[in-house]
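Have a look at the structure below, then the notes.
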Amino acid sequence: MRLKTTVFRQPADSLPASPRFTSARLTAWILGGFACLSILSGTHFRSAEAQDVSATGVSAQTSESDADVLAPYREAATKRWEKEIQKYEALDAKTTDPADGILLIGSSSIRRWDSAAEDLAPFRVIPRGYGGAKYSDLAVFAERLITPHDFRAVVIFVGNDISGKENDATPEEVERLVRHVVAVTREHRPDAPVLLVEVTPTRSRYDAWPKIRELNAMLREVCFTEPNVHFVATAETFLTHDNQPRENLFVDDQLHLNEEGYDIWGDIIRNRLIEVLREQTHD
């Protein structure tokens with residue numbers, strides 16, 4: 001049996017639930033499970049008036065974003081990703097989402113997260129990631145990826161906008177795209193929390209880490225300034241004491257997480273989900 005490396009950053013009543021975890025964590029899992037089930041079983045009310053006002057405001061924002069933000073990216077995004085998006089649309093047409101599911105969208109770290117259902121249990125997941133995604137194409141396809149689903153919350157991780165290449169986007173460019181995706185989500189599900197996951201430090205892109213840190217700071221700022229958008233801090237966990245990427249948590253390409261890395265990543269995201277949904281229930 002493989003011994004797992006797990007980072008505990010939340011109280012014991014919100015530790016992750018997974019059949020792969022050791023028996024020493026069973027009690028903590030039970031407490032966390034009751035907390036989650038309590039959250040998921042709560043009745044969720046909406047104000048029709050607030051919904052109308054929100055939809056009207058966001059529709060105007062989305063329309064403006066379409067004209068100002070998406071036009072430069074639409075052709076390239078469609079050429080590269082249209083078939084992938086169509087596959088998800090075909091899947092949406094023949095499957096039913098779990099009640100109060102968690103929508104997972106973003107790049108290859110989401111697509112490769114085969115253990116997401118276990119790592120985020122008892123939350124049930126709706127995985128819609130595709131490899132190589134950037135916010136420029138995620139914004140283009142936001143409505144097609146988001147609006148078919150009735151989710152309890154959405155988790156977004158995109159790690160390819162800054163990778164150390166000449167054509168990297170600037171944090172300012174990415175910010176407009178992130179806010180567009182948030183606007184689409186809010187229009188569709190006004191009360192659903194949006195969780196933006198920090199870009200992970202990796203050995204393969206460590207030369208670009210200073211610029212990636214600027215991107216992460218921008219994501220944090222979006223969370224401070226957009227209602228019901230929440231930052232998921234992960235970078236510190238994936239760095240050593242001397243601020244180097246923890247290479248043992250990645251596969252050979254030193255870009256994508258291995259099983260142990262996903263265990264830790266899943267812990268952090270699950271604990272943050274519990275925290276956010278508990279706060280929303282108490283409001």
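None of these values were measured; they are calculated from a predicted model.
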Quiz item: Going through the checks in order, is the side chain to side chain contact (heavy atoms under 4.5 Å, CB included) test met by Arg152 and Leu277?
Solution: CA-CA 9 Å; Arg152 184 68 181 86; Leu277 294 175; 3.6 Å; yes
Practice problem: Quick one: list whatever passes side chain to side chain donor-acceptor pair (under 3.5 Å) with Asn167, sequence neighbours left out. | Solution: none
Quiz prompt | Thr225 and Arg179: side chain donor to acceptor below 3.5 Å | solution = yes
Quiz item: Would a 4.5 Å heavy-atom cut-off, applied to side chains only, mark Val184 and Glu187 as touching?
Solution: no
Exercise. Please tell me if the side chains of Asp119 and Tyr262 come closer than 4.5 Å, counting only heavy atoms from C-beta onward.
Key: yes
Exercise. Would you please name every residue forming a side-chain contact (heavy atoms from CB on, under 4.5 Å) with Pro127, sequence neighbours left out?
Key: Val125
Practice problem: Output the distance between atom CD1 (Ile102) and atom CZ (Arg270), rounded to the nearest 0.5 Å. | Solution: 11.5 Å
Quiz item: Quick one: side chain to side chain donor-acceptor pair (under 3.5 Å) partners of Asp252, sequence neighbours excluded?
Solution: none
Quiz item: Would you call Leu120 and Ile269 a side-chain contact if the rule is heavy atoms closer than 4.5 Å?
Solution: yes
Exercise. Provide the closest heavy-atom pair for Thr200 versus Thr234 in the form atom of the first, atom of the second, distance.
Key: OG1-OG1, 4.3 Å
Self-check item: Crowding at CG, Asp207 (>12 non-hydrogen neighbours, <6.0 Å)
Solution: no
Practice problem: Only counting residues at least two apart or in another chain, list the ones meeting side-chain contact (heavy atoms from CB on, under 4.5 Å) with Asp150. | Solution: His188, Arg189
Quiz item: So do the side chains of Pro201 and Ile212 get within less than 4.5 Å of each other, counting heavy atoms only?
Solution: no
Quiz item: Who pairs with Gln86 by side chain to side chain donor-acceptor pair (under 3.5 Å), at least two apart in sequence or on another chain?
Solution: Glu82
Practice problem: Go through the structure and list residues passing side-chain contact (heavy atoms from CB on, under 4.5 Å) with Tyr88, not counting sequence neighbours. | Solution: Leu91, Arg128, Leu145
Exercise. Examine the side chains of His256 and Ser108 and answer whether a donor and an acceptor come within less than 3.5 Å of each other.
Key: yes
Quiz item: With side chains defined as the heavy atoms from C-beta onward, is the minimum distance between Thr170 and Glu214 less than 4.5 Å?
Solution: no
Exercise. Kindly write out the residues that satisfy side-chain contact (heavy atoms from CB on, under 4.5 Å) with Glu247, not counting sequence neighbours, or none if the list is empty.
Key: Arg203, Gln254
Quiz item: If we only count heavy atoms from C-beta on, is the Val276 to Pro193 side-chain gap below 4.5 Å?
Solution: yes
Exercise. Using ring-ring contact (aromatic ring centres under 6.0 Å, His included) as the criterion, list what pairs up with Tyr130, not counting sequence neighbours.
Key: Trp81
Practice problem: Name all residues meeting the side chain to side chain donor-acceptor pair (under 3.5 Å) criterion together with Thr240; count only those two or more places apart in sequence or in a different chain, and write none if there are none. | Solution: Asp242
Quiz item: Are Leu257 and Val251 side-chain neighbours, meaning at least one heavy-atom pair lies under 4.5 Å?
Solution: no
Exercise. Indicate yes or no: at least one non-hydrogen side-chain atom of Leu196 is less than 4.5 angstrom from one of Val222.
Key: yes
Quiz prompt | Residue among Val181, Asn228, Val229, Asp191 satisfying side-chain contact (heavy atoms from CB on, under 4.5 Å) with Arg186 | solution = Val229
Quiz prompt | Partners passing ring-ring contact (aromatic ring centres under 6.0 Å, His included) against Phe157 (at least two apart in sequence or in another chain) | solution = Trp265
Practice problem: Flag yes if more than 12 heavy atoms outside Arg112 fall under 6.0 Å of its CZ atom; otherwise flag no. | Solution: yes
Quiz item: According to the salt bridge (charged side-chain N to carboxylate O under 4.0 Å, His left out) rule, which pairs have a member within residues 155-174, sequence neighbours left out?
Solution: none
